[in-house]
Amino acid sequence: MAPRSTSQRTAPELHAPHPLPDPVMAVRRLTKIYGSGDMAVRALDEINVDIERGRFTAIMGPSGSGKSTFMHCLAGFESITSGSVRLDDVEIAGMSQRALTKLRRNRVGFIFQSFNLIPTLSAAENIRLPQDIAHAKVDEDRFAAVVDALNLRDRLSHRPAELSGGQQQRVACARALMQNPTVLFADEPTGNLDSRSTEQVLSYLRRAVDDFGQTVVMVTHEAQAAAYADTVLFLTDGRVVAQLDDPSQGDVLDALAALDPHAGEERA
Ligand SMILES: Nc1ncnc2c1ncn2[C@@H]1O[C@H](COP(=O)(O)OP(=O)(O)OP(=O)(O)O)[C@@H](O)[C@H]1O
């Protein structure tokens with residue numbers, strides 16, 4: 001599945017994020033400050049945004065703008081300094097570490113740039129690991145559907161070292177999808193992949209949204225990757241400054257240039 005092309009469409013407009021009727025996540029005045037006193041860093045500054053259910057949201061912004069911090073606060077990996085983050089009916093702000101661990105286990109999936117697979121386990125064992133750790137029964141129908149959707153059936157007995165980077169990331173996707181998470185977060189999931197594997201992993205994430213109704217939130221630096229998403233949120237200095245819906249790669253590049261005229265110089 002290819003990202004949207006620029007041909008024969010008028011460019012969508014950048015707009016401020018607006019509240020949604022039934023968001024899977026509602027973020028209000030989210031502030032995250034690292035450290036204190038002279039050393040304090042305001043990484044997130046009163047963010048207000050809703051994440052749409054069953055859709056693919058990309059988060060973009062310059063280095064240090066707060067993308068990873070934002071995603072880690074949404075996923076319950078980071079404590080929140082102030083404000084509110086609701087995942088469906090659950091308030092994450094102020095949760096105990098124990099409650100956050102439970103939330104991460106039961107409601108949230110995460111895919112990292114570094115795959116995070118167990119090297120001594122086969123692909124199948126890695127995919128089943130969260131259920132095995134929880135002594136939960138693996139839903140074999142879902143396992144079959146996820147393995148087929150990610151085209152991993154003939155790789156199930158292989159260990160991570162025997163798989164390509166793209167295949168390893170697909171195993172990580174499968175493991176996350178097996179948890180049937182309310183939201184699947186992906187932090188630069190294609191950062192370590194070549195262009196062909198990048199396209200495959202992004203296509204599979206897109207399919208997780210289209211075929212499984214999965215909500216996906218992904219941090220990326222790549223306009224090409226963001227073009228697979230339904231919505232792109234742009235962060236600058238810890239704030240969500242703009243939103244772009246149904247973007248092509250060209251739209252994303254135009255938006256990045258409009259929001260940061262020096263972005264091209266940094267990339268060059
Ligand atoms: N643990 C920490 N302690 C102190 N400051 C931190 C910590 N983590 C992040 N920061 C600071 O918070 C700000 C946002 O960082 P963050 O990693 O979220 O940005 P980012 O947009 O994901 O950056 P990049 O694209 O470079 O990965 C930066 O100024 C960063 O230096």
Side-chain angles (χ1 to χ4, degrees), residues 14 16-17 25 27-49 51 56-85 87 92-95 97 100-101 104 108-116 165 169 172 183-193 198 201-202 205 216-229 231-244 247 249 252-253 255-268:
L14 277 175
M25 299 203 76
V27 178
R28 296 293 176 267
R29 305 190 70 178
L30 167 59
T31 296
K32 172 69 185 180
I33 299 173
Y34 289 111
S36 59
D38 291 348
M39 302 296 283
V41 176
R42 185 175 281 262
L44 302 179
D45 190 8
E46 305 232 337
I47 289 183
N48 294 301
V49 78
I51 304 293
F56 191 165
T57 300
I59 300 169
M60 298 196 86
S63 181
S65 58
K67 302 180 294 296
S68 294
T69 303
F70 181 47
M71 197 156 72
H72 291 163
C73 285
L74 296 193
F77 281 97
E78 284 280 4
S79 63
I80 290 160
T81 305
S82 62
S84 161
V85 175
L87 174 62
I92 296 180
M95 262 189 179
Q97 281 307 322
L100 283 175
T101 304
R104 289 197 298 268
V108 162
F110 218 99
I111 303 171
F112 301 89
Q113 188 169 356
S114 51
F115 315 140
N116 282 32
Q169 193 58 300
V183 182
L184 173 56
F185 293 96
D187 196 354
E188 298 274 1
T190 57
N192 281 331
L193 302 180
T198 291
V201 166
L202 291 167
L205 283 177
V216 175
V217 177
M218 170 181 77
V219 164
T220 184
H221 282 102
E222 304 291 333
Q224 181 209 5
Y228 282 80
T231 293
V232 186
L233 300 175
F234 294 94
L235 258 78
T236 303
D237 295 334
R239 292 171 180 244
V240 176
V241 291
Q243 177 174 337
L244 190 64
Q249 187 174 341
V252 177
L253 288 170
L256 288 172
L259 292 167
D260 180 6
H262 302 295
E265 292 163 28
E266 278 171 28
R267 275 197 298 270

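Whatever order the structure lists them in is the order used to number ligands and atoms, beginning at 1. Everything quoted here is computed from the prediction, not taken from an experiment.
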Legend entry - Heavy-atom neighbours of Arg28 CZ exceed 12 at 6.0 Å: yes
Legend entry - Residue among Val216, Val201, Asp187, Leu205 satisfying side-chain contact (heavy atoms from CB on, under 4.5 Å) with Ile111: Leu205
Inset, instruction - Would you please indicate if the ring centroids of Phe185 and Phe77 are separated by under 6.0 Å? - result: no
Inset, instruction - Could you verify whether a donor N or O on one side chain and an acceptor N or O on the other, from Glu222 and Tyr228, lie under 3.5 Å apart? - result: no
Anything under 3.5 Å between an N or O on ligand 1 and a protein N or O? List each pair with its distance, or write none.
residue: ligand 1; atom: 18 (O); partner: Thr69; partner atom: N; Å: 2.9
residue: ligand 1; atom: 18 (O); partner: Thr69; partner atom: OG1; Å: 2.5
residue: ligand 1; atom: 19 (O); partner: Gly66; partner atom: N; Å: 3.3
residue: ligand 1; atom: 21 (O); partner: Gly64; partner atom: N; Å: 3.4
residue: ligand 1; atom: 21 (O); partner: Ser65; partner atom: N; Å: 3.2
residue: ligand 1; atom: 21 (O); partner: Ser65; partner atom: OG; Å: 3.4
residue: ligand 1; atom: 21 (O); partner: Gly66; partner atom: N; Å: 3.0
residue: ligand 1; atom: 21 (O); partner: Lys67; partner atom: N; Å: 3.0
residue: ligand 1; atom: 21 (O); partner: Lys67; partner atom: NZ; Å: 2.8
residue: ligand 1; atom: 22 (O); partner: Ser68; partner atom: N; Å: 2.9
residue: ligand 1; atom: 22 (O); partner: Ser68; partner atom: OG; Å: 3.1
residue: ligand 1; atom: 23 (O); partner: Gly64; partner atom: N; Å: 2.9
residue: ligand 1; atom: 25 (O); partner: Lys67; partner atom: NZ; Å: 2.7
residue: ligand 1; atom: 25 (O); partner: His221; partner atom: NE2; Å: 3.1
residue: ligand 1; atom: 26 (O); partner: Ser63; partner atom: OG; Å: 2.6

Legend entry - Over 12 foreign heavy atoms within 6.0 Å of CG, Asn116: yes
Inset, instruction - Evaluate the side chain to side chain contact (heavy atoms under 4.5 Å, CB included) criterion for residues Thr101 and Arg104: first the C-alpha distance (whole Å), next the side-chain angles of each, then the deciding distance (0.1 Å), finally the verdict. - result: CA-CA 5 Å; Thr101 304; Arg104 289 197 298 268; 3.5 Å; yes
